[in-house]
Amino acid sequence: MNITVKFFAVGREIVGSDALVLTLPDGATAESLLWYLKETYPQFQTLKSLLIAVNEDYAEPHLPLAETDDVAVIPPVSGG
Amino acid sequence: MQTELLQDTYFKILDKPINVQDVLDAVRAPECGGLALFLGTVRNHNHGKTVHWLEYEAYETMAIKKMQQIAGEAMQKFPAKKIAMVHRVGKLDIGDIAVAIAVVTPHRREAFEACKFCIDTLKKTAPIWKKEVFEGGEVWLDACQH
């Protein structure tokens, strides 16, 4: 399945784009997306944390992804 | 930029200066005697380095959703009647206001506590990032393992 993934801040700089369409196996989860990203872009492994947001909420690792989901990669936040 | 004005709450991500009076006006409540206002401003130094400016970025729709969730939680924990949260994005200079949070409660003690809960939780959970541009480089704050 094809999932559009948004990137922000240091994540956007690592992948070089604010959004990518990634082809993932059916049944892919938030956790498997993280593995894919860390393998494809090893710089993600240097971050303090990396979370996936699905439909604007932080996703549990085993949450299955769907093509219609709003998916974003959330590097360590530093607001305020 | 997106604005959300829900029942008794007020949340914004702004790409222009924060008007503190607007934030205060959003939380007026005649039954409340305590209003706590927190302003987070850009500091001129960090970890011994001279900071030139900061660049803030937000995942805007999710940041506003988080603000709503944080305010909802604060209203459950404290007798807060109205809560306003505004965070600025873009390039901010030293002294600029990056974030404003206002809370009203019937009495003063809970106003401070609820306001502290809101800023502490916002900093931990809202998808907002800052890049520090300092003497000799730039870095996304708190991003990398050391």
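Chain letters run A, B, ... following the sequence lines, proteins first, then strands; residues in each count from 1.
Looking only at heavy-atom pairs under 4.5 Å with chain A, the residue among Thr41(B), Val99(B), Thr125(B) that has the most is Thr125(B). Ranking Leu47(A), Leu51(A), Asn55(A) against chain B, the residue ahead of the rest is Leu47(A), based on heavy-atom pairs under 4.5 Å.
Taking all atoms of both residues into account, the shortest heavy-atom contact from Ala58(B) to Phe8(A) is O-CE2, 4.0 Å. Between Asp142(B) and Pro76(A) the shortest heavy-atom distance is O-CB, 3.3 Å. Met62(B) and Glu56(A) get closest at one heavy-atom pair: CG-O, 3.4 Å. The minimum heavy-atom distance between Trp129(B) and Pro75(A), with the atom names listed, is NE1-O, 3.1 Å. Heavy atoms only, all atoms of each residue included: Asp57(A) and Gln69(B) are closest at OD1-NE2, 3.0 Å.
Judged by distance alone, the side chain of Lys130(B) and the main-chain N or O of Gly80(A) form a donor-acceptor pair under 3.5 Å. Trp140(B) places no side-chain N or O within donor-acceptor distance of the main-chain N or O of Val77(A), the cut-off being under 3.5 Å.
The line from OG of Ser78(A) to NZ of Lys124(B) is 15.0 Å long, rounded to the nearest 0.5 Å.
Proximity to chain A (any heavy atom under 4.5 Å) is restricted, for Lys66(B), to the side chain, taken from C-beta onward. Heavy atoms of Ala63(B) lying under 4.5 Å from chain A are absent altogether. In this structure, no portion of Leu122(B) lies under 4.5 Å from any heavy atom of chain A. For chain A, the nearby part of Ala126(B) is the backbone; its heavy atoms alone come within less than 4.5 Å. With a threshold of 4.5 angstrom between heavy atoms, Gln43(A) does not approach chain B through any atom at all. Both the backbone and the side chain of Lys123(B) come within contact range of chain A, judged by heavy atoms closer than 4.5 Å. If you measure heavy-atom distances from Tyr59(B) to chain A, the contacts under 4.5 Å come from both the backbone and the side chain.
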Would you please test Arg12(A) and Glu57(B) for salt bridge (Lys or Arg N to Asp or Glu O under 4.0 Å) and show each step? CA-CA 11 Å; Arg12(A) 186 188 58 246; Glu57(B) 172 177 339; 2.5 Å; yes

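Cluster annotation: Phe38(B) is connected to Met85(B) through the hydrophobic network of ILVMFWY side chains, with a link wherever side-chain heavy atoms come within less than 4.5 Å. No single ILVMFWY cluster, assembled from side-chain heavy atoms under 4.5 Å apart, contains both Ile74(A) and Leu141(B). Transitive grouping of hydrophobic side chains (ILVMFWY, heavy atoms separated by less than 4.5 Å) keeps Ile128(B) and Ile52(A) in distinct clusters. A continuous path of Ile, Leu, Val, Met, Phe, Trp and Tyr side chains, each step under 4.5 Å between heavy atoms, connects Val27(B) with Leu37(B), placing both in one hydrophobic cluster.
Heavy atoms from other residues, nucleotides or ligands lying under 6.0 Å from CD of Gln45(A) number more than 12. Taking a 6.0 Å sphere around CZ of Phe112(B), one finds it holds 12 or fewer heavy atoms contributed by other residues, nucleotides or ligands. Within 6.0 Å of CD on Glu31(B) lie more than 12 heavy atoms contributed by other residues, nucleotides or ligands. The number of heavy-atom neighbours closer than 6.0 Å to NZ of Lys49(B), taken from other residues, nucleotides and ligands shown, is above 12.
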